[in-house]
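All heavy atoms count here, side chains included; hydrogens, waters and symmetry mates do not. Keep in mind the model is a prediction, meaning the values are calculated, not measured. In what follows, every chain begins at residue 1, and chains take the letters A, B, ... in the order their sequences are listed.
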There are 2 protein chains.
Amino acid sequence: MLLNSDTRDKTMPYCYEYPRPAVTVDVIAFTVREGRLQVLLVQRERPPFAGAWALPGGFVGMEEPLEAAAARELAEETGVEGAYLEQLYTYGAPDRDPRGRVITVAYFALIPADAPVRAEGGDDAAQARWFPINALPDLAFDHAEIIAYALRRLRYKLEYTAVGFQLLPETFTLSELQRVYEIILGESLDKRNFRRRILKADIIEPLDAFRTGEGRPARLYRYKPDAVAEVKARRLFP
Amino acid sequence: MLLNSDTRDKTMPYCYEYPRPAVTVDVIAFTVREGRLQVLLVQRERPPFAGAWALPGGFVGMEEPLEAAAARELAEETGVEGAYLEQLYTYGAPDRDPRGRVITVAYFALIPADAPVRAEGGDDAAQARWFPINALPDLAFDHAEIIAYALRRLRYKLEYTAVGFQLLPETFTLSELQRVYEIILGESLDKRNFRRRILKADIIEPLDAFRTGEGRPARLYRYKPDAVAEVKARRLFP
DNA sequence: ACAGATTGACGCCGATGAGGCGAAAAGCGC
DNA sequence: GCGCTTTTCGCCTCATCGGCGTCAATCTGT
């Protein structure tokens, strides 16, 4: 199966008693820009799937924790550091990579709307671009499946966890926050009810600043640094 | 780091251009027996941690899907097949195994209370035993942390998903089901409210049989095979 | 056989919370 | 000042949840 499982030249210096799969990390980076939920993709340069778009990712270093590898790959592609990062799922179907057995640990990341992302549409060697979630190109490997699952999980997480703030700048208005929710969940919410509920959750705090623009200026809020990330779970079932 | 990264004898026939971590699966098998939530552990025979208790697990075959590997390990230790199995998390701290880099994909399994589990307390080579969740022995590797997380996830899943049935025989009474919930969640529930809510969820169906015992015989129920596993989520947040 | 104990099953009631909606407040551009 | 937009406050209603009383069916001990 593996092309190199029997070769023994000096380009294959790492030998083991039993065969080992390769381990990679892939990052699904979400952001909300231009009023749409977008995902970061990179264009592959080498076979397999040369020219196709794929999730940013790469091999895990031998001394590198998994999450550190994901953070590194994300930083290499976008320059973004300190973004929200969470392990999503590990994919290991034997045939998911034509080069051999590759097991990938998928992470999803939330990039604030105001984070400067470099190489945006750049003509570097490895081109990276944001794609709206509903206008994705053909994807390499099983990355389409991975993104579909990441989107399900993002929506789910948004509904029972205070994680939407990770997609906004540090300060934001209630309307901006609501728009993020509406974009991701794909439904419109009532302004007054949204406001009431999010204030009762006691996870954001008002600031003394306002955002001026059209209409009445809106108060700016900030995510409470000490707020528990998990909204205390009401029992859903039974 | 790896002892064998430079050795080149005939016991190390699998060679690669870059070093690769080993990949294993570990299974956290839960069951409810003797009125307690229990976890399956095996006693290690070899170093490291020889003699210590650990989660059942082992290496992933090169052509084997991850979940298949978990199911195989579980079947080898217990003989149980077809149990509920779900990927939990992937642990990959560089120092979690003193032998070198070992990345493990953890699965948690729910074993029905009536499933015959072989090697229970047997004196086989690899001894396997159930341990009550609140009376665990010292554990090898990072397995204590893994079990703690699995327990959190089990409780969480029980509250928003219809998964408790996986711990019961195919037919059960409402009181038996309630008992499972009480044991896992660690709190007592009101009989009448539990009954009302679980019937409204419309995921179990009454049978024409009754379980006789102390007091009035209780109607037996069965998990609806076509019921959606995920209880349709009410929004929790905001 | 009968009384009391034990467990299962049905239904009401008040409190709580969520969604729907009206209306006032505060700036902006003309 | 006057319309327009957007924010913000507050009320009303309905569904749901938890708490509890009560009856029904069977077992057990005498």
Using the closest heavy atom to pick a nucleotide of DNA chain D for each, name whichever of A:Y221 or B:P217 lands nearer the 5' end.
A:Y221
What about B:R196, does its side chain sit under 3.5 Å from the base of D:dG19 through a donor-acceptor pair?
yes
Plane angle bin for A:F108 and A:Y84 - parallel if under 30°, tilted between 30 and 60°, otherwise perpendicular
tilted
Atom CD1 of A:I198 to atom C1' of C:dA18: distance rounded to whole Å?
15 Å
Distance in angstrom units between B:K200 NZ and D:dC17 C1', rounded:
8 Å
Any B:S175 side-chain nitrogen or oxygen under 4.0 Å from OP1 or OP2 of C:dG8:
yes
So what does A:R219 hit on the nucleic acid, given a heavy-atom distance under 4.0 Å: a base, only sugar-phosphate, or nothing?
sugar-phosphate
Do the charged groups of A:E176 and A:R179 touch, with an N to O distance under 4.0 Å?
no
side-chain N/O A:T212 vs C:dC28 OP1/OP2, d < 4.0 Å
yes
How far apart are the closest heavy atoms of A:D190 and A:Q178, and which atoms are they?
C-NE2, 3.9 Å
Below 4.0 Å: OP1/OP2 of D:dT6 and any side-chain N or O of A:K191:
no
Between CG of A:L174 and C1' of D:dC9 the distance, given in whole Å, is 13 Å
Between A:F165 and A:F172, what is the ring plane arrangement, given parallel below 30°, perpendicular above 60°, and tilted in between?
tilted
Give the rounded distance in Å between these two atoms: CD of B:Q178 and P of C:dG8.
9 Å
Would you indicate whether B:E76, at its atom CD, is surrounded by more than 12 heavy atoms from other residues, nucleotides or ligands within a distance under 6.0 Å?
yes
Report which part of the nucleic acid B:R195 touches: base, sugar-phosphate, or nothing (heavy-atom distance under 4.0 Å, all strands).
sugar-phosphate
Need one value for B:T173: base, sugar-phosphate or nothing, where a base atom within 4.0 Å counts as base even if backbone is also close, heavy atoms only.
nothing
Could you give the CG-to-C1' distance, from B:D190 to D:dC17, as a whole number of Å?
11 Å
Rounding to a whole Å, what distance do you find between A:N193:CG and C:dC21:C1'?
9 Å
To the nearest angstrom, the CZ-C1' distance between A:R211 and C:dA26 comes to 17 Å
Could you check how far CZ of A:F194 sits from C1' of D:dG10, rounded to whole Å?
19 Å
